[in-house]
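Each residue takes its place number in the sequence, starting with 1.
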Amino acid sequence: MIRRPALLRVDFVRHSGTVSSGSFVQTMVLTDIATGWTGCIPVRTRDSGNVIMAIKQARSRFPFRLGCRL
């Protein structure tokens, strides 16, 4: 089975220390399953507008075309 790039796993890492409430910066980590290529984008909050902007920003950092349309 040949794996093609552009199937991504997305995770968020929060940078809040021991505090779990309120607003804090998070890192959206996008990892291509086939190649392991990883992109990290800071996100202020996980509301849809910020996440869509972060995905658009991440698309330019990958060395191959991502198929999603936003």
Asker: Restricting to non-hydrogen atoms, name the atom on W37 and the atom on R61 that form the minimum distance, rounded to 0.1 Å.
Answerer: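 Taking every non-hydrogen atom into account, NE1-O, 3.5 Å.
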Asker: How many angstroms lie between atom CG of D47 and atom CE of M53, to the nearest 0.5 angstrom?
Answerer: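 Going from CG on D47 over to CE on M53, the span is 9.5 Å.
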Asker: Establish whether I41 and L8 are linked, either directly or via other cluster members, by ILVMFWY side-chain heavy-atom contacts under 4.5 Å.
Answerer: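 Yes, because I41 and L8 connect within a single hydrophobic cluster, where side-chain heavy atoms sit under 4.5 Å apart.
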Asker: What pair of heavy atoms forms the shortest contact from R46 to V51, and how long is it?
Answerer: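 So the two residues come closest at O-CG2, 3.8 Å.
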Asker: Calculate, to the nearest 0.5 Å, the distance between atoms CD1 and NZ belonging to I52 and K56 respectively.
Answerer: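 Going from CD1 on I52 over to NZ on K56, the span is 7.0 Å.
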Asker: Can you tell me how far OG1 of T38 sits from CG of L30, rounded to the nearest 0.5 angstrom?
Answerer: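 Reported value, rounded in 0.5 Å steps: 8.5 Å.
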Asker: State, yes or no, whether a side-chain contact exists between M28 and I55 at a heavy-atom distance under 4.5 Å.
Answerer: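 Yes; the side chains approach each other to less than 4.5 Å.
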Asker: Using 0.5 Å steps for rounding, measure from the OG1 atom of T45 to the CG atom of N50.
Answerer: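 Answer rounded to 0.5 Å: 4.0 Å.
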Asker: Using the rule that Ile, Leu, Val, Met, Phe, Trp and Tyr join whenever any side-chain heavy atoms are under 4.5 Å apart, tell me whether F24 and V43 fall into a single cluster.
Answerer: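 Different hydrophobic clusters.
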Asker: Indicate the atoms forming the closest heavy-atom contact of T27 with C40, along with that distance.
Answerer: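 Scanning both residues, the minimum pair turns out to be CG2-CB, 3.7 Å.
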Asker: Which atoms form the tightest heavy-atom contact between R9 and D11, and what is the distance?
Answerer: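 Scanning both residues, the minimum pair turns out to be NE-OD2, 2.9 Å.
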